Each structure stands twice: as C-alpha cells, then as structure tokens.
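Okay, so here's the structure we're looking at.
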Amino acid sequence: MAGFLLCSGITVLAAPSVEGDTELTVTADEMVAAEYTITNDEAMESVTLTLSYDRELLTYVSGSGGDNFSGNGGNGSVQLSSRPDSKEVSFSVRFQGNEDGNAAVAVTACTIVVDGTEIDVLSGEPVSSEETEEESGEEEDGTRASFVIDERTFYVRRPDNIEGFEAVHLDIQGIDSRVLKHNTLDLYVVRLRSDNGSYRDDFVYNPDTGNVIPFVQMESGNDDVIFIEPEEGVHVPTRYTPVNLGWGPKYEIPALKHVIIDGVDEIQDDTNRYLIYGINQDGEKAWYSYDYDKNSLQLFDDVAYQGEQNYILELEEKEIGLRAEASEQAQRYDRIMARRLYTILILIILVVVLLNVLILMYLRMRKMEMPKEEEMEESGDQSGSSSYVTGNLEENESDFQEPVHWEEEEDEEDDLDLEIIDLDDLDDEN
C-alpha cells in the first residue's frame, strides 16, 4: 500500500487556522477592538475573513491589517481581506459600543488561497469544484458580466449566501449570471470582484437601469432597510441636491444633500447628514436620513419637512416683498432728492446769472453818467471865465488889451468912474 501511494502520488493540504476574540466587553459610546490571526503552513496568496457581531451592542467603525487590505462592514457583518503572500496575517476590527454589556463576535467564514487552491479555513478543506471554477483564471473574466467602478473593472462572481436571499440566474448584459434574489422583494444582489482580485463585495443590481450600488443593509426603527438606486421621477424634497456619498475605499452611493440658498447660489450645509433612497422588508420605498458620523438611519418625514419648507418659503416671500418695497421707497426717495437738488442748482444758476446781469447794467449806467458830469464841469468853467475884449480896433494890434475878469473889473471900478468902449466894428455875436 505504501509503495502504491508513493507511485501514484498524493496531495497533502495545509492545516490553516484562525484565532481571535469571540466576546467583547462593551461600554456605551466608547471604542473596543477585536484581533484575529490566520496562519497556515504555506504562504497564503489571499485571505478573506467574515465576522458577525451583535448590532444592538456594536457599530462597525473600521478594520485594518495585511497587505493590499480591504474591508467593509455594517448591519451585523464585517468582511476583511488582504493579499499577504505570507504564512500569517492579522486583522484588527474597531467597534463603537451602543450600550454597556458583553457582545458576541463570531467568525462566520474564512477562506485562503494557497498555490491557486481556495481552502475553507473553518473546515480545512478546499472549496467545492463549482466555486473554484467560478473564481478561476483571468481567461474566464472575458465571458462574465462586468462593471466599471472607480476606473477599475469588476466582474460578476459566485455570490456568498445572504440571509433572506436565494441564488438564482439572471441575464446581465446578455450573459447568464448567478445572483441572489430577495425572498419577498424584487431585489437582486450580485457579487463583484475587481480585475486584480483586491476587492470582492456585494452590490445591489438594478435590472431596469443596469447599474449597481454597494449592498448596504441597516436598521431604521423596526425596519430592515436596504439602500437602492433612486427610481426615475422620484420626488426630491425641496432644497436637496443630488450628490455621491463615498462608501468604503472605492465606492459611492447616490444620495441627496441639503443646501442653503445664498442669493442665487446653492451652498451645501456643513453637516454629515444625507438622504438615501431605500426599501424596507415590506417593499416600501422612501428617503431615509443617514447620519454618516453616527452611522445611524432614520425615516425621513417628507410631509412634515415640506410643511416646514412651505412656511419658510412664505416667510421668505414676505421678506422679499418687504425688501422690494423698501428698495422701491429708497429709489423713490433718491429720485425726489435728485429732483430737489437739480431744482436748487438751477435756481442758484439763475440767481448768479441775474446778479451778473444787474452788475453789468449798473456798470454800464455808471459809464454813461460820467461823460455828462465832465461836460457839465467843462461848460461851467467856460461860463465862469468869460470876459469882454476891450481896446482900439484899429490895425494896430497893440491896442488890444488882455481880457479882464469881472472880479478885476469890480476892483477897477473903484478907481475908474467911467470907461468908454468902441463898439462900432463889433459884430452881432461879440
């Protein structure tokens, strides 16, 4: 028998193992960490670890560990993966406590790839041939449906089991693909793997649009809500604008963000609250308010919000009306004051012109009066200095005497009693 075995050859599988925390002591609003280590006798090409936790006591925050690490979690489940190319890899998971108590954390699945063979660490056996074929070789990727996410190609792979879903076949991009369908809802989930194998995650597939968004299942009160792509023509609440909410290392979820109107500009508020479209277990679709910081979900009351917005819009319309009226009054005041100013300026100009005219007329009249006064003065001088010319009017010019003024004549009258003047040759004028 030993010789036969040596001749025929046998395959000896490695003995992988996983160890880590299974129970955590939780304090409300404080962080707690869980550590997990996967070992194998041979170097592991890739490792994938899936955990489940008590979502009533814990909220997933983050994960780390290994080379080419990727991780995501929420709604009671965490999936971590890496490509260590070593015999040992460690993962660390951080949770936030929701309330005090002891929370259980369980390893629900752990697989490794060694020499191209995928091994289930929990059972120590290789994955079934059907699953191996689904995950083998890049040659088969060309025959699979694919999606481009963050400039990287993702291919449809065999999905893992999800509670409340069952495996079915669906035509995606003309290719028969294996997907998961919700037991009661018209909802499909596909598992996508990146072209380099670094990312393997579940996505909600919309057959109507052919789009995918990350599969996220959260609780809102008593409802289990799954995020879905908003339907065409769905009502968008007032003052919300579409945005892409980053989810995980590479993915995005369509969401709405509240905006504030600043004049004509729309400015997004500085909170980490978003509206995400979701469907609950009863098939009811609605907007849900998601708090990114607290990782909490609450049904959005659109009726109450719209009533509040209508009241705000009414107040804003009144304010706009008051502003318009105040602006009109200010403009009217400016117009009236401008008219008054122009009137005053015109009157001032008229007064200045009239003053100038009066001054010019006065000066002209003064110039006209001055020649008359000079003529009067000249005529007065001539009359005061007039005298008679006396003397013998014969040819001898020496007989003429100088004119004698009246004052001198009066003085001479005192000395002379009579003076004879020859007036035979005087003309009429003289």
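Keep in mind it's a predicted model, so treat the numbers as computed, not measured.
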Practice item. Examine F203 together with F147 and report whether their ring centres are nearer than 6.0 Å. Key: no

Kindly assign one of parallel, tilted or perpendicular to the pair [X] and [Y], based on the angle between their ring planes and the thresholds 30° and 60°.
| X | Y | answer |
| --- | --- | --- |
| F95 | Y53 | tilted |
| Y290 | F227 | perpendicular |
| Y274 | Y292 | perpendicular |

**Study point:** D293 atom CG, over 12 foreign heavy atoms within 6.0 Å
**Key:**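 Result for CG/D293: enclosed.
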
Review point. Should we count CG of D171 as having more than 12 external heavy atoms under 6.0 Å?
Key: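 Yes.
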
Exercise for review: Would you check, one step at a time, whether the test side-chain contact (heavy atoms from CB on, under 4.5 Å) holds for D29 with Q96?
Suggested key: CA-CA 6 Å; D29 299 328; Q96 181 178 359; 4.1 Å; yes

Practice item. Determine the sole option in T39, N40, T37 for which the side-chain hydrogen bond (donor to acceptor under 3.5 Å, both in side chains) test with S17 is passed. Key: T39

Check your understanding: side chain to side chain donor-acceptor pair (under 3.5 Å): which pairs involve residues 341-361, sequence neighbours left out?
Key -> none

**Study point:** All side-chain contact (heavy atoms from CB on, under 4.5 Å) counterparts of E163, not counting sequence neighbours
**Key:** none

Practice item. Could you give me the CA-CA distance, side-chain angles and deciding distance for F154 and V212, then say whether side-chain contact (heavy atoms from CB on, under 4.5 Å) is met? Key: CA-CA 11 Å; F154 285 71; V212 293; over 6 Å; no

Practice item. Give the C-alpha distance, both sets of side-chain angles, the deciding distance and a yes or no for salt bridge (Lys or Arg N to Asp or Glu O under 4.0 Å) between E328 and R335. Key: CA-CA 10 Å; E328 177 62 26; R335 290 194 298 267; 3.5 Å; yes

